[in-house]
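In what follows, chains are A, B, ... by sequence order, proteins preceding strands, each numbered from 1.
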Amino acid sequence: MTTSRRDLLTTALSAAAGVAVTSNHPRAHGTDHDHAHDHGHQDVPSDPALRVKALESLLVAKGLVDRAAVDALIDTYEHKVGPRNGARVVARAWTDRAYKQRLLSDADAAIAELGYGGLQGEHMVVVENTANVHNLVVCTLCSCYPWPVLGLPPVWYKSAPYRSRAVIDPRGVLGEFGLEIDENVEVRVWDSTAELRYLVLPERPGGGDGWSEEKLAAMVTRNAMIGVAKIATPVHGDRA
Amino acid sequence: MTTSRRDLLTTALSAAAGVAVTSNHPRAHGTDHDHAHDHGHQDVPSDPALRVKALESLLVAKGLVDRAAVDALIDTYEHKVGPRNGARVVARAWTDRAYKQRLLSDADAAIAELGYGGLQGEHMVVVENTANVHNLVVCTLCSCYPWPVLGLPPVWYKSAPYRSRAVIDPRGVLGEFGLEIDENVEVRVWDSTAELRYLVLPERPGGGDGWSEEKLAAMVTRNAMIGVAKIATPVHGDRA
Amino acid sequence: MNGVHDMGGMHGMGAIKEEKDEPVFHATWEGRAYGVTRAMGGWRLWNLDATRFQRELIAPVDYFRMSYYERWIAGLVELMLKNNLVTRAEIESGKSDSGAPVRTPTFTADKVAAFVSKGMPARRDVTVAASFRANQRVRARNMNPMGHTRLPRYVRGKVGTVDRDHGIFVFPDTNAHFNGEKPQHVYSVRFVARDVWGAEASPRDSIYVDMWDDYLEPA
Amino acid sequence: MNGVHDMGGMHGMGAIKEEKDEPVFHATWEGRAYGVTRAMGGWRLWNLDATRFQRELIAPVDYFRMSYYERWIAGLVELMLKNNLVTRAEIESGKSDSGAPVRTPTFTADKVAAFVSKGMPARRDVTVAASFRANQRVRARNMNPMGHTRLPRYVRGKVGTVDRDHGIFVFPDTNAHFNGEKPQHVYSVRFVARDVWGAEASPRDSIYVDMWDDYLEPA
């Protein structure tokens, strides 16, 4: 094959750009359909908000759903379970060598030490970024994600562009997040095809020596724990 | 694997049936989207008829398109080029052994003997059905089809269900067309991935001895020349 | 099934769009869709694998059009219909059929905290022999089931190396169809990116895929 | 590109629906769409492979939603825009931009009959060595180009047997991107269905795929 992939890529991307024109969708976030259109059609689905409201009312009326249980579930993920949990796990691992070893060898138990675990994180694996290895987590088949430590996944993680390309072009995907990985670094992609859930233990950045676990945790981002970001060295004198 | 494919098939189909509910699309034929919906939305695309009319007018106004050329192209495929051409080729092959040999060894020349050939049939291959071999033609990547002998393809040939399943489950596909192929018969699927175009030479049915080429041609169906049908033995005394 | 949900390696899906300061739910209905789906799971008439399969059955044009929680609701409705918890008429009208029984919810608010913190473990404490061991070369089976599977198309037929044995888990290919849990070992299998995608892939990279025993054969 | 157009082996696309007494065109606009697309091809600013690739670039949700001729029109519009034959404003308004040049069509009605009967042969009368011969065992390359290719995903990495050599043809992977015709041999390669799909496939069946020389390697 004399046609290089890069040539084709360039052509394909410019062609794809040619397809893109203004779209006008009366839709909320989170659809794979918020790309541009070239044919001027409009989708007018029934409003999902009305539809879900009617469905919940029906299920409550039939005694199938307890509305207070729904409230409690929402409250859980809006206020209790989220990426701050994972950040505390990471900060502990950065500051406690023995904890880090337990975390890498038996993640469930180590995460439970901090009080986390459960739904969609029953079976955890923590993978460590180093100077030589960069880890990236995806679920190509649906959107599996470690809820107890990261909360519910962001839309991009659930989207077709991420799910499709993370395994075939991880460096391109990382580039879209502004992260260039040196060619000597091994990129490991973890496809969450089973009931194991993956958390990336990011590299502890330089600087921040002597910082408290809490202050370190504040630096840890959700994206770094998925593997699409690194954690920046704190600016000298920066105080959380 | 203890789970048999057949079990899963049954489950999958019943599940799929569960998804199907009434759809209400204000669309013409030929869309892959005329399946059922379970979410009660409506597509309201701009009418393709209006859109195409406006486009043609624009291109005519810009001197890019000769409207009479468009008329002539439409007339060609509505009135001149169609499956009757292929039927004549088949009937000739059934009645002229030497022609059949030429057809199978050099289809382009043999088809040209009857005056056919050209666009989307520049490079023809004819494959022969026998008591031991059944041939089926598909184009999984788009909708390639031998236009000079069959005309423009029917919607089902261009549809996702046919393109997806003809190669992985040809016997299931044939079953949907009412054709059961004996397990001792070899099914050969021809995926038209290049610029070769395939025509199936169906088995000549019993009966009809001494019939004219013209009368035999009248029995030959488009579907038989794609490979999704056989040609039935004519009823005794049947006269065309 | 070889569905459009099996997206690993596809091109043409567009750019990744990250949202600044993304909320947990973008609208009230998303949270309600989430909560209602979970709450209905409390009846234990289906399982996680069946739920996933139901979403995979969404027609491609709808799968691509729908947002994540729209798919959840579409799948939930079908599961409820199949289990005779609701009727099509009820879904369409939003009103109970006259004479339909009124039940008492079992998954109540007081059970939420325990449910979330315990989860639904898929690991099983049974004895099942492992067919493979760490560092063994294995091949992902070339299989194309019509039913649910968690073996992505992009690794089928490819050779990799067992990285670790995760233990024994429920098998989705049977469980999704209520044909039993068939617990078996799950392994993390490392595939060299070039073995999966060809010479254009980056030479140092690899993909780790979690695979049930039944998905593998010795290489 | 690994796009949704590459449908061989997919499940979940629904039942095949045959239409009784199907007309050549279902509505006037289908015929016009067909004719206008062909007529614009007469300017020879693009080629058949580029046309196919342009349709492959249609976003999945639209690809599944659109009918065949809607895809043709969508692809045609993009090709015309890229070649500065029309502007976006003209497409949206349906009116020529003021001051836009008015050309004279070259593909006129009198040329239609000859065009249809001659076609656009893709075979080339050049001398190119064949890398493979009939009855040889070959493997379809494991390649995943971002650009246009006519090597379906379902045979990549699979081993088959060359059935016949069709001769020398334009290579779509380069031609679609205007990188030259790179003429080369095309072979019909026979794949045993079980080698492609696994043990569940019917044991006597096979799939013949037309493959360019560059898609193959010795097995």
Could you pull out the closest heavy-atom pair between Pro60(D) and Gly12(C), with the gap in Å? CD-O, 3.6 Å
Report which part of Asp6(C) has an atom under 4.5 Å of a heavy atom belonging to chain D: side chain, backbone, both, or neither. neither
Under 6.0 Å from the CZ atom of Arg133(D), do we count more than 12 heavy atoms belonging to anything else shown? no
Measure across Val196(D) and Asn144(C) and return the closest heavy-atom pair with its distance rounded to 0.1 Å. O-ND2, 4.4 Å
Would you give the length of the straight line joining atom CD of Glu200(D) to atom CG of Asn142(C), rounded to the nearest 0.5 angstrom? 10.5 Å
Under 4.5 Å, heavy atom to heavy atom, which residues of residues 33-42 of chain D contact chain C? none
Give the intermediate values and the outcome of side chain to side chain contact (heavy atoms under 4.5 Å, CB included) for residues Asn2(C) and Met13(D). CA-CA 10 Å; Asn2(C) 295 342; Met13(D) 299 293 172; over 6 Å; no
Of all the heavy-atom pairs spanning Val61(C) and Phe64(D), show the shortest one and how long it is. CB-CB, 3.7 Å
Can you check whether anything in residues 150-163 of chain D gets within less than 4.5 Å of chain C, heavy-atom wise, and list it by number? Arg153(D), Tyr154(D), Lys158(D)
Spacing of His11(C) atom NE2 and Leu57(D) atom CG [to the nearest 0.5 Å]: 12.0 Å
